[in-house]
Amino acid sequence: MKVLSAVAATAALALGLSACGGGGSSPQASSDTITYWASDQGNSLDDTAAKLKPTLDRFTEKTGVKVQLEVISWTDLYNRILTAVTSGDGPDVLNIGNTWAVTLQETGAFEPVEGELLEAVGGKDRFLKTSWSTGGAEGKTPTSVPLYGLAYNMYYNTKLFKEAGIEKAPTTWDEFVADAKKLTKDTNGDGKPDQWGFTAAGASVSANSHQAFVRGLQNGGTLFDGDGKPTFDSDPQVEGVKQFVDLMATDKVMSPSDAELSQGSQKVDNLINGKAAMMFDQSPLKNFAARDFKDWGVAPIPMMTAGATGDRGTQSHVAGINLSVFKNSDNKANAIKLAGFLTSDEEQIALNKAYSSLPVVTAASSDAAFQTEEVKAKNDALSNHSLPMPLIAKEGQMETLTGTAIKNLFAKAATGTVSEDDIRAALKDANNQMAAAQ
């Protein structure tokens, strides 16, 4: 999932057609034209559009239906969708972060994945079970289908590992912290570390919430109990968050400046530039390639116990991008055709190869493009060691509350100390706000 944030600048690219902010009700729409809002999956909005163009050209060649494409930045997409839902003037087809699925399902604005739409995408059995589970609330007909798959892995700088005499990536959290300490060094001789064992975007609310989810599960906790009540401040959740914040506060293997990083690309820069040796990320390969960075390795996210299974074996949330059709589309038949085309085996291979993401249909996963060590590791995490973020209507608020609590704890760690009581108090406050909102 990408971050849900306040409205920021957005850009549109049209691939030879004028971009359109409206949908089925737009005066520009016609029976042979549909509108599509795509999320930014590439290195830039231009890059995303360029990589989508061959697929959309093939769709038009096959069906005669033209696609007016608008690529929208992640900082703006969620708010654009909400505006479209309120006004009733949205695109025919759009991408959504899969953790938004239940919240958007509650609006009633999107076509249920049944009947013609379910038939067009070939039925749920074509898809990875973990990815399909993100389409909507449990027990309800989904209103989105998986399009791109993502999962967290650990990426590391192999040159720094070699210099530190570390021969293989850590598999447990204790090994991870121990290696991070070996990799934290004062290379300039001024008495202060300038190479760090680990880097993270400590000011990224969404990324922090993902770690609260994963670290809690690994320690035997959950963000909500069986009755749906928040348990952010339970002992296992406090312990999981403490492990993450302690990387800066106690273990001193994470730069205090990381508390100010809000974008994932900034931590990727740290790894590439040799300022840090390890990071957790979903899809940095496009950044590595753009910078011609070759000194990297990939491994699963460390667990509390090597080989752990079930909830304690969680290494990632089920990350990825889903696709929805607006219920009030005036061109629903062709919108459904596009949904089917984008999730076909052939286009799943082409698109996920282009964006360094994972196919969400099992038949496409066997293609040679997805047999690299990096992709296999990511696919194993997505298929076998991932759980969806809590499938609740207020998922966005949960992310904001837990992620902001951790952001503030990192800010405190950057300039002072953070105790277990500080962590428990921060999570208790977030828990109380979540309970009041339910």
Just wondering, are more than 12 heavy atoms of other shown residues or ligands nearer than 6.0 Å to [atom1] in [X]?
{"X": "K407", "atom1": "NZ", "result": "no"}
{"X": "E114", "atom1": "CD", "result": "yes"}
{"X": "K124", "atom1": "NZ", "result": "no"}
{"X": "K275", "atom1": "NZ", "result": "no"}
{"X": "Q397", "atom1": "CD", "result": "yes"}
{"X": "E116", "atom1": "CD", "result": "no"}

Give me the one residue out of F198, F244, Y156 that meets ring-ring contact (aromatic ring centres under 6.0 Å, His included) with F176.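 Between F176 and the candidates, ring-ring contact (aromatic ring centres under 6.0 Å, His included) is satisfied uniquely by F198.
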
Can a donor-acceptor pair be found between the side chains of [X] and [Y] at a distance below 3.5 Å?
{"X": "S39", "Y": "Q41", "value": "yes"}
{"X": "D186", "Y": "Q195", "value": "no"}
{"X": "N384", "Y": "D380", "value": "yes"}
{"X": "N352", "Y": "S357", "value": "yes"}
{"X": "T171", "Y": "E175", "value": "yes"}
{"X": "D225", "Y": "T231", "value": "no"}
{"X": "E347", "Y": "T55", "value": "yes"}

Apply the side-chain contact (heavy atoms from CB on, under 4.5 Å) test between F161 and each candidate in M278, E167, K182; give the one that qualifies.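 Testing F161 for a side-chain contact (heavy atoms from CB on, under 4.5 Å) against M278, E167, K182 leaves exactly one candidate, M278.
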
Students often mix this up, so state it plainly: with edges at 30° and 60°, are the rings of F288 and Y155 parallel, tilted or perpendicular?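 F288 vs Y155 ring planes: perpendicular.
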
Of the non-hydrogen atoms in [X] and [Y], which two are nearest, and what is the gap between them?
{"X": "Y148", "Y": "N95", "answer": "CE1-ND2, 4.1 Å"}
{"X": "N98", "Y": "V318", "answer": "ND2-O, 3.1 Å"}
{"X": "T35", "Y": "D92", "answer": "N-OD2, 2.8 Å"}

Any non-hydrogen side-chain atom of K140 less than 4.5 Å from a side-chain atom of E106?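 In short, these two side chains touch, coming nearer than 4.5 Å.
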
Any donor-acceptor N/O pair, [X] side chain to [Y] backbone, under 3.5 Å:
{"X": "E138", "Y": "L391", "result": "no"}
{"X": "N153", "Y": "K378", "result": "yes"}
{"X": "T314", "Y": "V214", "result": "no"}

Is it true that F341 and F59 have ring centroids separated by less than 6.0 Å?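 Here the rings of F59 and F341 have centres that are less than 6.0 Å from each other.
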
Decide yes or no on side chain to side chain contact (heavy atoms under 4.5 Å, CB included) for N208 and T402, but give the supporting numbers first. CA-CA 7 Å; N208 286 340; T402 57; over 6 Å; no

Could you go through the side chain to side chain contact (heavy atoms under 4.5 Å, CB included) check for W74 and D76 one step at a time? CA-CA 5 Å; W74 279 105; D76 197 35; over 6 Å; no

Using a 6.0 Å distance limit plus a 45 degree cone around the ring axis, check whether R215 lies over the aromatic ring of W173.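 Geometry flag: set, cation within 6.0 Å and 45°.
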
Yes or no on side chain to side chain contact (heavy atoms under 4.5 Å, CB included) for L338 and V65, after CA distance, side-chain angles and deciding distance? CA-CA 9 Å; L338 180 61; V65 178; over 6 Å; no

Using a strict 4.0 Å threshold on nitrogen-to-oxygen distance, state whether K66 and D32 make a salt bridge.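 No.
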
Hey, could you give me the CH2/OG1 distance between W132 and T130, rounded to the nearest 0.5 Å?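 Interatomic distance, W132 CH2 to T130 OG1, rounded to 0.5 Å: 12.5 Å.
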
Please assess D40 against S73 for the test side-chain hydrogen bond (donor to acceptor under 3.5 Å, both in side chains), listing each intermediate value before the final yes or no. CA-CA 5 Å; D40 183 12; S73 66; over 6 Å; no

